[in-house]
Number of protein chains: 2
Amino acid sequence: MKAAPLHERIRREIEARILSGAWAPGARVPGEIELMAQYGCARMTVNKALSALAHAGLVERRRRAGTFVARPRSQSMVLEIADLAREVVARGQTYSWQLQTRREALSEHPEMPGPVLEVEGVHLADGMRLAFEHRLISTAQVPEVLTADIAATAPGTWLLGHVPWTEAENRISASAASPALARALGIAAGDPCLTITRRTWRGGSPVTLVHQHFVASRHELVARFGAA
Amino acid sequence: MKAAPLHERIRREIEARILSGAWAPGARVPGEIELMAQYGCARMTVNKALSALAHAGLVERRRRAGTFVARPRSQSMVLEIADLAREVVARGQTYSWQLQTRREALSEHPEMPGPVLEVEGVHLADGMRLAFEHRLISTAQVPEVLTADIAATAPGTWLLGHVPWTEAENRISASAASPALARALGIAAGDPCLTITRRTWRGGSPVTLVHQHFVASRHELVARFGAA
DNA sequence: ATAGCGAATATGTATAGACAATTAAACCAG
DNA sequence: CTGGTTTAATTGTCTATACATATTCGCTAT
């Protein structure tokens with residue numbers, strides 16, 4: 001056991017009391033002066049602990065009023081969507097990518113106007129077809145992609161390593177496989193698919209628009225969190 | 001425009017340079033001493049700015065070495081899963097909940113052993129069936145739920161307001177509707193459904209296990225982020 | 001060359017004090 | 001009682017300083 005910094009200890013002790021329910025939502029948390037005396041430290045130290053808790057959303061602080069345990073939670077959880085290649089490898093499977101189509105085009109897609117690189121291909125885990133991907137990449141925003149070897153590296157993986165995004169939107173839905181999609185994935189038409197549509201922007205300009213269709217029986221999105 | 005605190009201004013200026021790509025991943029960020037001179041302030045102030053950036057994962061700090069722009073992003077994004085009632089209302093629709101089954105039982109489910117309240121019902125948006133829910137709630141962990149009016153309030157909404165969770169797991173998948181599910185949702189058997197399975201714990205003990213089956217054509221999970 | 005060791009350096013933590021900003025509560029005038 | 005005004009409690013920000021801690025770099029002995 002390593003000696004944790006004092007502000008960390010204070011933070012954890014208060015956090016524990018909140019998570020255990022000992023301090024109910026809405027309850028008043030001791031003020032900085034009080035905690036300062038209690039721990040025999042400077043106000044900056046307890047301030048750091050309380051600020052961290054406020055940042056994490058566990059407490060709410062109001063001047064003149066004090067610090068209070070925040071009402072339950074933002075009523076929401078978050079799901080992490082990782083890069084597919086990493087995710088597959090993390091599960092102990094071997095990942096591979098099969099490029100099927102690559103062409104430069106002038107997109108008339110309302111969400112991605114202008115010159116784009118259009119890519120289609122299949123993601124495989126242990127050689128089994130996992131997902132079909134259709135992607136548009138703005139060549140105006142990412143000219144380097146034209147010289148990238150996207151037959152060897154999946155475009156999503158390549159992009160993550162080369163282009164930081166500033167905004168992104170994910171849509172997750174279920175649908176029945178169209179005949180063409182069923183053929184690409186080797187399943188029956190009408191079989192359920194999990195579809196992820198992701199758009200990313202960089203400073204307001206669209207970078208990429210991607211549809212990933214997963215074979216439902218072969219993929220699940222999983223996310224686990226601790227509230228700490 | 002309100003005058004932002006100095007540490008906030010410093011944080012934002014550095015953040016902007018990273019997000020714009022002016023400072024590439026791996027590049028060295030000016031040290032605290034340097035920034036201190038540059039902004040004419042105390043070291044604690046720049047420290048606060050840099051610590052916040054480190055906490056957000058935008059930079060990496062190593063003693064003796066310095067501060068560096070972190071490698072692209074955690075290669076992952078985050079999807080917010082809100083409470084269903086809120087989500088529907090946020091879209092401007094009216095939300096309602098139809099309780100179908102409520103019984104106390106002794107669960108032999110491996111993930112939720114012990115006495116549970118088992119609830120089944122349907123979520124409606126503007127009167128249209130949106131999702132079928134099957135839920136187990138541990139009555140050992142949440143005895144108050146036995147007296148809650150879960151015919152009036154959906155159990156998920158009730159729980160969010162009463163029981164803080166400390167851990168949660170979400171699984172999202174697609175599947176074809178079973179005949180029973182199709183009947184409950186008023187769709188055809190075999191139609192694609194989006195399924196969310198969520199388990200939450202409080203201090204290691206399971207609190208609730210829920211399956212929500214959405215009519216694929218009527219629901220999508222959407223999440224949008226700005227990195228700024 | 002190489003392994004080990006010491007020193008330099010950048011961050012991490014903490015103190016004590018000061019003033020600013022916000023706002024709940026007390027007070028007061030009508 | 002009502003509405004506006006003052007007061008004071010509490011958090012927010014910042015300074016200047018000090019020492020702790022980790023880690024790279026270079027020196028030295030092998």
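Computed from a prediction, not measured in an experiment: that's the story for all the values here. In what follows, chains are A, B, ... by sequence order, proteins preceding strands, each numbered from 1.
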Exercise. Hey, are A:H7 and A:T45 close enough side-chain-wise for a donor-acceptor pair under 3.5 Å?
Worked result: no
Exercise. What distance separates A:H55 NE2 from A:L50 CG, expressed to the nearest 0.5 Å?
Worked result: 14.5 Å
When the distance from [atom1] of [X] to [atom2] of [N] is rounded to whole Å, what number comes out?
{"X": "A:E60", "N": "D:dT10", "atom1": "CD", "atom2": "P", "result": "17 Å"}
{"X": "A:M36", "N": "C:dG17", "atom1": "CE", "atom2": "C1'", "result": "10 Å"}
{"X": "B:R9", "N": "D:dG12", "atom1": "CZ", "atom2": "C1'", "result": "17 Å"}

Exercise. Do the charged groups of B:E169 and B:R171 touch, with an N to O distance under 4.0 Å?
Worked result: yes
Exercise. Salt bridge between B:E133 and B:R198, side-chain N to carboxylate O under 4.0 Å?
Worked result: no
Seminar exercise, completed: In A:V210, A:V116, A:L209, the residue satisfying side-chain contact (heavy atoms from CB on, under 4.5 Å) with A:R135 is A:V210
Exercise. Along nucleotides 5-14 of chain C, 5' to 3', which nucleotides get a B, which get an S, and which get a -, given that the test is a protein heavy-atom distance under 4.0 Å?
Worked result: ---BBBBBBB
